[in-house]
Amino acid sequence: MAASPPSPSFDNQTNQSSSSDDEEANARLESDIRERNEFTKRLRKRDDEQTKKKFKSEPVSRDPHRSKLSVEELRKKSRRVYLAARKDKKIHELEEELIDEEYLFKDVKLTKREEENIKFKRYALDLAHEHEKAQQMENIDRYHMPDGKSDETSKNDRYREDNRYSDAKANGQAGQNFEQRKWEDEVIHTALPHFGSLDKEAKSNQPKYDYILDEEIQFVQQLTIPGVNELLQYKEKSKINEHEDENKRKHRSLQESRKTLPIYRFREDLMNAIRDHQVLIIEGETGSGKTTQLTQYLYEEGYCEPDTENVEEEEEEEEEEEDYDDDDNIKLPNGKKKKEKKMMMIGCTQPRRVAAMSVAARVAEEMNVKLGREVGYAIRFEDCSSERTIIKYMTDGMLLREFLSEPDLASYSVLIVDEAHERTLHTDILFGLVKDIARFRPKLKLLISSATLDAEKFSQFFDDAPIFRIPGRRFPVDIYYTKAPEADYIDAAVVTVLQIHVTQPLGDVLVFLTGQEEIETANEMLLERTRRLGTKIKELIILPIYSTLPSDMQIRIFEPAPLGARKVILATNIAETSLTIDGIHYVIDPGFCKQKTYNARNGMEALTITPISKASANQRAGRAGRVAPGKCFRLYTSWAYQHELDDNSIPEIQRTNLGNVVLLLKSLGINDLVNFDYMDPPPMETLRLAFEQLYALGALNHKVELTKLGRRMAEFPLDPMLSKTILASETYKCSAEILTIVSMLSVNNSIFFRPKDKTLLADTARQGFFTPGGDHLTLLNVYNQWKDTNYSTQWCYENFIQFRSMNRARQVRDQLEALMERVEIEIQSNPADTIGIRKAICSGFFYHTAKFSKNGMYKTVRHQQSVLIHPNSCLFDQIPRYVIYFELVLTTKEYMRQVIEIENEWLRETAPHFYKTKKLDDDNKVKKMPKVLGKIKAELERNYS
DNA sequence: GAGCACTGC
């Protein structure tokens, strides 16, 4: 990994070629950066304007310069190798120049400028000599980062800082953000005079610092998130009993470690609060132990005991086979046994599958029972629970589905909605549902567990339920902000990584970027710059992580860095909540993430880079304090944090298609979705579109009631249009093919693998699968070929197909196939009948029809939106008159993704209620929606005004 | 000729 430093000799052959390589790479980088600058400029426009307002004395903000600057600097950098090689030569020249000048101008009156020039030259020469000396001495700490405490160096730094103020004043060009800087330094006593170096103007006079780092960013420490560390406070030394067997010893130590968790101290108070209140908001910080302990405490308090009224009824049936004692794990901790299925359950929801699984496993271990028995979990594709399960962890969506079979959730005595602050779509819907059932089930306990900031809001929603606060366990994290906004946050992040690497003690760095592309760019930049620095710096191991990265690459981030080296992890949002990496001491947070937006007016989705929320920023910062005190460097100003970031992210319910949720709620008998108890209501347009689509699909009738068809559609965990397609496949006797297509469509566009260095091969492979008729049939073709190889991994690899996605499609298909029994549809295969297959798709997606129009684009029939066929589609270079698309996405243009060609008449055949019937070759006109929908619209408008 | 944050059923 450590590249050798550039050869000092410029004449050297290899060096020349490598420098031309460098130039090429730089040119690429340059154009990349130019584009990015344009982009980020737009994003930061608001930031700029605010900054301008704030610093009125400074008419031009730094940002517009910066973007230009980085290009200029890149040019400089491309010559850096060359310059480095000339260092010795230059020093020598400088020496001679000085001697000459002193000799020549000995008796001449020099201008002030000339004098300064000579003075500067001597200063530079002195520095260079000093630097060389320092380099010869080993273990000298040249790059010191002041820590703000009053040691010798800090004083010096402070002095230098003050000089900078007066310099700026003297020059009459009140330095960038001068007032602000001074103010901040005065107000914040812990201010960091400079992180690495001084500012831009000062930097040019500081060749000593410039030598290692090309550019540096200034940070100011604003505050420290205090740590809460109760580690070991309750730890008791375990006495090892030699007669204890391994299992018992392990169990004992587990029990002891349970007592060290912060929540343990609050057990009694907590249980009292739960006893006294039906609904309790638990504000528990990460590491408090609430997720694993709460369920166990509740169990130990007897919340699983059968409902007494029920037990009397069921007493006669109390007979069950006892295959219970044939295991090592015989008894539950306090000797209670679960006797029959009338024991009540404690349910705990998690937003993520892995969390549900791993927490359940941990609790099973702590309770010394087998996972899947008393303690179990339920996630899609995998139900690891049984009749005797009393503590059940599950994903939020899973509990939502349970409402379908048990609308009052009678088998639960306690429901815990964990990680409620994440506000997933399913959690939000659950809020309304559980609040409702709590009203007529007074014995049901409801615990809403959330991180900070939100608790008050949850309390309000649940009729002012009391809030119980449990501290967490974490280390303090120092927060640093930049002094001025950074225009190019990738460049800024890269520079900060190097600053940390050069000035800070060892400890891994986590950088949050928005996507794969940014991660790859940052990776290349870091590689290039560390290569250039060569052995002057310690080894830096750069590791990318994002969800579509192959698993073997993902695992690498968990390997500890070798001795003396530092890991830098370039991550997407995946590292914010979904996975935890130990050993992170430094977090770099540029303050952006990608967010999906849904436009209900035309049904178009887009993925846009948006500023994160304060809650997100704090979550990210917290990642630095898991194992030791950490530092978080935010690449935005403290002012921006205070004034420009929202407190919380927009909840999912407000930015997603609600078709499936509306259908689910309808089938739960909730008729009035407009007045449903939302914590934050979805946009009116989204609800209206959902109603309209469900009506068009025949899932709702003219009275907006669920139809028989709608009830069958609700069985599938899919978008209503996909469910309808499946149900329609019965008519065309091609359910097997449709199941495959639907499964392939529901794994998000990640079937084809396209590595950067093999784009041509990958594209050829993809085109090889193209099937006449459209992309759906292409997907079917891919799946069937894969199936013919007996689901081979090798085949995927050879054909540039993502194995992980295929496997997922297979799982989805298996689940859907199982559900076919419930809706009583036979699995029939008719692969040759591509018309039948397309007609079935038409029955579900007639709503997504687009017609080629005169202006060379397509127009969607419903919203008259101009769209294009996506360049990845097999129909890209064809112009079918009518097409049906799976989805609309806004990227560089408005595109239809996954497209099939259809015939005009199919629309009237499959959706006669939707399309007006006229003469055969006449254009199909969309029928007017019935009055009921108009009424809904009116009601919606009333409610949302 | 484009470009896929992350989940979940």
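All values below come from the heavy atoms of this structure, side chains included, with hydrogens, waters and symmetry mates left out. Proteins get letters first, then strands, A, B, ... in listed order; numbering begins at 1 in each.
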Item to check | Under the side chain to side chain contact (heavy atoms under 4.5 Å, CB included) test, residues paired with Leu888(A) that sit two or more places apart | outcome: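 Listed in chain order: Met604(A), Thr860(A), Val867(A), Tyr885(A), Met896(A).
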Respond yes when some side-chain nitrogen or oxygen of [X] is under 4.0 Å from OP1 or OP2 of [N], and no when none is.
X	N	answer
Thr424(A)	dT7(B)	no
Thr395(A)	dC9(B)	yes
Lys893(A)	dA2(B)	yes
Thr572(A)	dC6(B)	yes

Checklist entry - How many Å lie between CD on Glu605(A) and C1' on dA5(B), as a whole number? => result 13 Å
Item to check | Protein-nucleotide distance (Glu652(A), atom CD; dC9(B), atom P), rounded to Å | outcome: 12 Å
Taking the minimum atom-to-atom distance to the side chain of [X], which one of [options] wins?
X	options	value
Tyr895(A)	dC9(B), dA2(B), dA5(B)	dA2(B)
Arg380(A)	dT7(B), dC9(B), dG1(B)	dC9(B)
Arg401(A)	dC4(B), dT7(B), dC9(B)	dC9(B)
Arg353(A)	dA5(B), dA2(B), dC9(B)	dC9(B)
Thr892(A)	dA5(B), dC9(B), dA2(B)	dA2(B)

Item to check | salt bridge (Lys or Arg N to Asp or Glu O under 4.0 Å) against Lys290(A), all qualifying residues, sequence neighbours excluded | outcome: Asp418(A)
Next on the checklist: Under 6.0 Å between ring centres: does that hold for Tyr636(A) and Tyr489(A)?
Outcome noted: no
Next on the checklist: Using a 4.0 Å heavy-atom cut-off, does Leu400(A) contact any base of the nucleic acid, only the sugar-phosphate backbone, or nothing at all?
Outcome noted: nothing
Checklist entry - Can you find an N or O donor on one side and an acceptor on the other, under 3.5 Å apart, linking the side chain of Arg754(A) with the base of dA2(B)? => result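 Result: at least one qualifying N/O pair found.
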